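The next block holds one structure in the form of structure tokens; read it before the comments.
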Amino acid sequence: MEPQTVRDRMVDRIQHMLKHAVIKDPRFLDDEQLIRAEQLALIEEIFNASVRDTEIEELSSHFAGILRGDHPCHLAVWGKTGTGKTLTLTYFLNLLTELAKSRQVDVRHVHLDLSTPQPCFRALNNLACLVGASKSHKKGISLEELMVNTEEALADQSGYLIIFVDEVDNVRRDRDTFLKFLVRRLPQKIRARLILVFVSNRLNWPDQLDPRVKSFLKLNELLFKPYDARDLEHILNIRIEKALYPDTVELAAIKKIGGLAGHDHGDARKAVALLVKSAYLAEKAGTKITLALVDQAVDELHCDRYVALLRTAPVQLKAALAGVIEASDRAKGRAVATGGAFDAYRRFCDRVGQRPLSGRAFGDLLAELDVHAFIRSSVVSHGRRGRTREITLDIPREIVAQLSDVIRMDFNLRR
DNA sequence: TGTCCACAGGAAATACGGGGGT
DNA sequence: ACCCCCGTATTTCCTGTGGACA
């Protein structure tokens with residue numbers, strides 16, 4: 001019998017949702033929400049499934065000397081994003097410290113997290129905070145002073161000190177100063193034996209180093225291979241078991257997620273994100289996670305990425321994109337030249353009462369839009385009619401429409 | 001063959017903000 | 001209150017350039 005009243009329909013819907021719930025514990029879909037112990041347990045479970053075995057083995061042999069009183073050299077770890085570098089290292093170093101303690105070897109490690117790009121100053125500052133050398137300054141203190149503070153705080157410690165520098169290449173500007181300090185200066189000022197662990201996702205990272213630092217830096221190298229589809233399936237299964245109700249995922253869907261993520265980067269984070277999105281879609285649809293839903297999740301993630309990126313982007317970048325969109329509309333699909341886009345941008349600024357930037361700066365904004373894949377641009381010469389970027393909007397229409405909405409909201413525009 | 005357009009994109013200068021030491 | 005230090009954002013100035021056109 002058809003439900004008649006609002007109340008009936010509501011009860012019906014709720015019962016349906018309960019019966020077809022997919023997500024059991026959403027916390028396990030988002031690492032941020034887990035407490036530290038849970039995170040470590042999760043990692044352990046993943047490693048137990050013999051994922052990352054070779055890497056852990058290599059790490060062990062690299063650091064084994066510590067327990068014998070040797071001094072291992074520094075270590076450089078490479079691998080693409082989402083291959084578990086940070087996780088593995090954290091886990092490993094914790095274990096190592098514990099093990100060393102049980103054998104009366106004094107080992108300390110600090111994790112200097114540079115996962116967001118930051119200048120030399122903040123990096124040094126963070127390091128100083130980690131070793132308890134100073135409180136968190138924002139500005140206004142000289143680099144020298146930070147270094148001295150750090151040295152003093154560490155001066156009379158003995159044993160081993162492992163500094164785990166996560167995502168080194170995120171130190172913008174004066175990277176050499178930063179590294180010179182770590183590699184050359186610090187070891188001479190402290191009693192403890194220093195072992196540096198650098199993590200980076202770019203293989204050619206040491207190439208662009210100051211030669212004086214480079215020659216000083218004796219490195220052992222370790223490469224994290226991207227996860228393959230099998231690893232990813234392991235990881236997904238562990239998540240699924242913890243976060244979802246049993247029997248809510250089609251087997252083929254797991255394979256598909258693993259395959260997709262493995263295929264394009266071997267990035268575990270992406271795989272989990274895809275699982276999460278699929279799970280929410282399934283919950284909404286009141287079904288299991290099916291292949292079709294995975295496809296839909298891929299599309300939505302794609303779209304979300306753009307929208308999220310734009311939401312948090314600086315105003316000028318939004319305005320620039322608005323200009324490109326407008327110019328692009330006007331050009332009816334043909335490519336737009338820099339000048340045209342700039343004019344449109346200036347008109348837009350005029351309309352919303354914002355001061356437009358110079359042409360030079362606009363060029364940089366375009367470059368930025370390009371790296372975020374909002375637009376595609378290439379420099380083309382039209383002979384005597386000059387050289388320009390030819391700009392095309394490289395995004396599906398629906399997404400462009402959504403982006404326009406974001407921009408309109410931001411600038412309080414109607415229509 | 002040389003000219004010259006319409007920009008690209010590097011370098012340095014400037015503006016602005018804000019925090020620390022004294 | 002003053003000066004110093006640092007960061008980011010932007011401007012100003014500049015040199016460079018592929019190739020259609022005269």
Side-chain angles (χ1 to χ4, degrees), chain A residues 112-129 132-153 167-182 208 210 309-310 312-324 326-328 330-331 334-350 352-394 410-411:
Chain A
L112 181 59
D113 185 5
L114 308 178
S115 50
T116 50
Q118 49 196 277
C120 179
F121 176 83
R122 278 230 310 268
L124 279 174
N125 195 181
N126 286 344
L127 178 62
C129 295
S134 81
K135 46 183 192 251
S136 167
H137 298 281
K138 293 245 172 77
K139 284 161 189 172
I141 199 167
S142 79
L143 297 177
E144 182 63 27
E145 202 172 330
L146 279 174
M147 293 184 194
V148 172
N149 284 347
T150 309
E151 286 159 5
E152 278 171 1
E167 314 264 334
V168 227
D169 37 27
N170 267 338
V171 183
R172 296 166 307 179
R173 187 184 321 216
D174 307 327
R175 186 180 313 158
D176 288 334
T177 315
F178 178 68
L179 289 174
K180 211 184 287 174
F181 171 70
L182 281 181
Q208 51 205 322
D210 186 323
L309 214 57
L310 189 65
T312 59
V315 257
Q316 289 292 0
L317 198 70
K318 291 177 187 165
L321 184 60
V324 173
E326 194 187 312
S328 216
R330 198 169 295 201
R334 267 171 298 136
V336 187
T338 309
F342 186 47
D343 286 345
Y345 158 78
R346 276 205 298 225
R347 277 198 302 276
F348 179 83
C349 285
D350 214 36
V352 300
Q354 191 191 34
R355 196 176 56 84
L357 297 180
S358 65
R360 178 70 185 82
F362 183 71
D364 287 342
L365 290 178
L366 287 181
E368 201 168 328
L369 287 175
D370 200 347
V371 300
H372 292 314
F374 283 107
I375 62 175
R376 214 156 26 137
S377 73
S378 53
V379 273
V380 173
S381 174
H382 296 294
R384 195 167 245 194
R385 282 180 301 148
R387 257 155 79 85
T388 354
R389 281 193 175 104
E390 291 204 325
I391 303 159
T392 28
L393 267 177
D394 195 21
D410 240 71
F411 290 101

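Below, chain A is the first sequence line, B the second, and so on; all start at residue 1. For clarity, every value in this text was computed on a predicted model and none was experimentally measured.
- Residues satisfying the salt bridge (Lys or Arg N to Asp or Glu O under 4.0 Å) test with A:R347, not counting sequence neighbours, are A:E326.
- A search for side-chain contact (heavy atoms from CB on, under 4.5 Å) contacts involving A:A335 returns A:E390, A:T392, not counting sequence neighbours.
- Between A:R360 and C:dA9 there is no side-chain N or O to OP1 or OP2 distance below 4.0 Å.
- Under the side chain to side chain donor-acceptor pair (under 3.5 Å) criterion, A:R385 pairs with no residue, sequence neighbours left out.
- One atom, CG of A:D364, and another, C1' of C:dT12, lie 13 Å apart when rounded to the nearest Å.
- When each of A:H382 and A:A367 is assigned the nucleotide of DNA chain B bearing its nearest heavy atom, the one mapping closer to the 5' terminus is A:H382.
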When you compare the protein's N or O atoms with those of nucleotides 6-8 of chain B, which come within less than 3.5 Å of each other, and at what distance?
residue, atom, partner, partner atom, Å
B:dA6, N3, A:R387, N, 3.3
B:dC7, O5', A:G339, N, 3.4
B:dC7, O4', A:R387, O, 3.4
B:dC7, O3', A:T338, OG1, 3.3
B:dA8, OP1, A:T338, OG1, 2.8
B:dA8, OP1, A:R389, NH1, 3.3

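- Under the rule for a salt bridge (Lys or Arg N to Asp or Glu O under 4.0 Å), A:D350 has no partner lying at least two apart in sequence or in another chain.
- Under the rule for a ring pair (Phe, Tyr, Trp, His ring centres under 6.0 Å), the partners of A:F411 that lie at least two apart in sequence or sit in another chain are A:F348.
- Rounded to whole Å, atom C1' of B:dG9 lies 15 Å from atom CZ of A:F362.
- Side chains of A:S378 and A:V380 form a contact here, defined as non-hydrogen atoms less than 4.5 Å apart.
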